Amino acid sequence: MPKLSFSKMRFYEIKDFMPNMKRPRRMDIVLNRKRHKKDIECLMVKKINDETPPSKLSWQTEHKPHPTLEKLLQNKKYLAAFGSFLRSEFSEENIQFWLACEDFKSTISPDDIRWKAEEIYREFVEPTACREINVDHHIREKIKESLENPSHSCFDEAQKHVYLLMERDSRPRFLQSDAYLSLKHKSRSLWYI
């Protein structure tokens with residue numbers, strides 16, 4: 001056979017190079033995958049066991065977990081910073097709706113409950129609302145039906161939906177923002193004073 005570069009070779013010529021090569025059976029491939037998976041699992045278990053537990057970490061290293069959304073909403077400084085961050089991202093209606101629902105739950109008078117429920121619905125839930133929140137159609141319909149006889153729990157599902165949206169979407173970005181980092185730095189420097 002004359003010398004040809006690989007690019008000029010045809011398939012049948014390549015096939016001639018490997019006449020005695022057997023193709024692996026499907027069962028061999030499956031067994032190899034299982035062995036490979038077990039090897040990876042063993043390595044993962046070994047790696048997890050080799051890691052030092054959090055109690056043995058030095059106090060000097062910064063392995064403090066970021067605050068949860070619940071902690072952010074309880075602390076006035078973090079709440080103000082989180083609110084301004086959401087305002088900069090054009091999603092401040094989420095935090096305002098959540099705060100309005102918390103205020104609504106503390107209402108005692110039945111007349112005030114009806115009035116506040118209608119106000120929250122007009123401002124945040126209604127499809128043409130000026131600060132409309134992002135909830136699906138089914139939640140909107142449930143809230144609209146519950147406005148006939150409002151209770152403290154009529155906005156619970158929407159509030160939970162907005163809370164999860166802030167926790168999964170807004171909170172991680174806030175923890176990386178300059179607003180949070182500067183606030184964290186200020187609180188750390190006040191500790192030394």
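Given the structure is predicted, the values throughout are model-derived calculations rather than measurements.
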- Query: What do the steps show when you test Lys116 against Glu119 for salt bridge (charged side-chain N to carboxylate O under 4.0 Å, His left out), and what is the final call?
  - Reply: CA-CA 5 Å; Lys116 282 186 178 183; Glu119 185 69 26; over 6 Å; no
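Here the closest non-hydrogen pair linking Asn94 and Val162 is O-CG1, 3.5 Å. Counting all heavy atoms, side chain and backbone alike, Ile120 lies closest to Ala100 at CD1-O, 3.7 Å. The minimum heavy-atom distance between Pro67 and Tyr180, with the atom names listed, is CD-OH, 3.1 Å.
Considering NZ of Lys184 and CG of Leu175, their distance stands at 8.5 Å, rounded to 0.5 Å. With values rounded to the nearest 0.5 angstrom, Lys160 atom NZ is found 14.5 Å from Cys101 atom SG. In this structure, Thr107 OG1 and Glu102 CD are separated by 11.0 Å, a value rounded to the nearest 0.5 Å. Separating the CZ atom in Phe174 from the CE atom in Met166 is a distance of 12.0 Å, to the nearest 0.5 Å. Atom CG in Leu99 sits 9.0 Å away from atom CD in Gln159 (nearest 0.5 Å). From Lys71, atom NZ reaches atom OH of Tyr78 across 11.0 Å, with rounding to the nearest 0.5 Å.
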Using residues 139-150 as the side-chain source, report each donor-acceptor pair under 3.5 Å to any protein atom, sequence neighbours left out, with the distance given to one decimal.
unit_1	atom_1	unit_2	atom_2	d
Arg140	NH1	Val125	O	2.2
Arg140	NH2	Glu132	OE2	2.8
Arg140	NH2	Ile133	O	3.2
Arg140	NH2	Val135	O	3.4
Lys142	NZ	Glu157	OE1	3.3
Ser146	OG	Lys142	O	3.4
Ser146	OG	Ile143	O	2.8

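Residue-environment remark: CG (Asp136) exceeds the threshold of 12 foreign heavy atoms within 6.0 Å.
Every residue two or more places apart in sequence or in another chain that forms a side chain to side chain donor-acceptor pair (under 3.5 Å) with Asp156 is listed here: Lys105. Residues passing the side chain to side chain contact (heavy atoms under 4.5 Å, CB included) test with Leu181: none are found, sequence neighbours excluded. Residues satisfying the salt bridge (charged side-chain N to carboxylate O under 4.0 Å, His left out) criterion with Glu126, sequence neighbours excluded, are absent altogether. In this structure, Glu118 has no salt bridge (charged side-chain N to carboxylate O under 4.0 Å, His left out) partners at least two apart in sequence or on a different chain.
A perpendicular orientation is assigned to the rings of Phe155 and Phe104, their planes being inclined by more than 60° (bins at 30° and 60°).
By the rule that hydrophobic residues join a cluster once side-chain heavy atoms approach within less than 4.5 Å of another member, Leu183 and Phe85 end up as members of one cluster. Under the 4.5 Å side-chain contact rule for hydrophobic residues, Leu79 and Leu165 do not share a cluster.
The side chain to side chain donor-acceptor pair (under 3.5 Å) analysis of residues 162-171, with sequence neighbours excluded, yields the pairs Asp169-Arg173.
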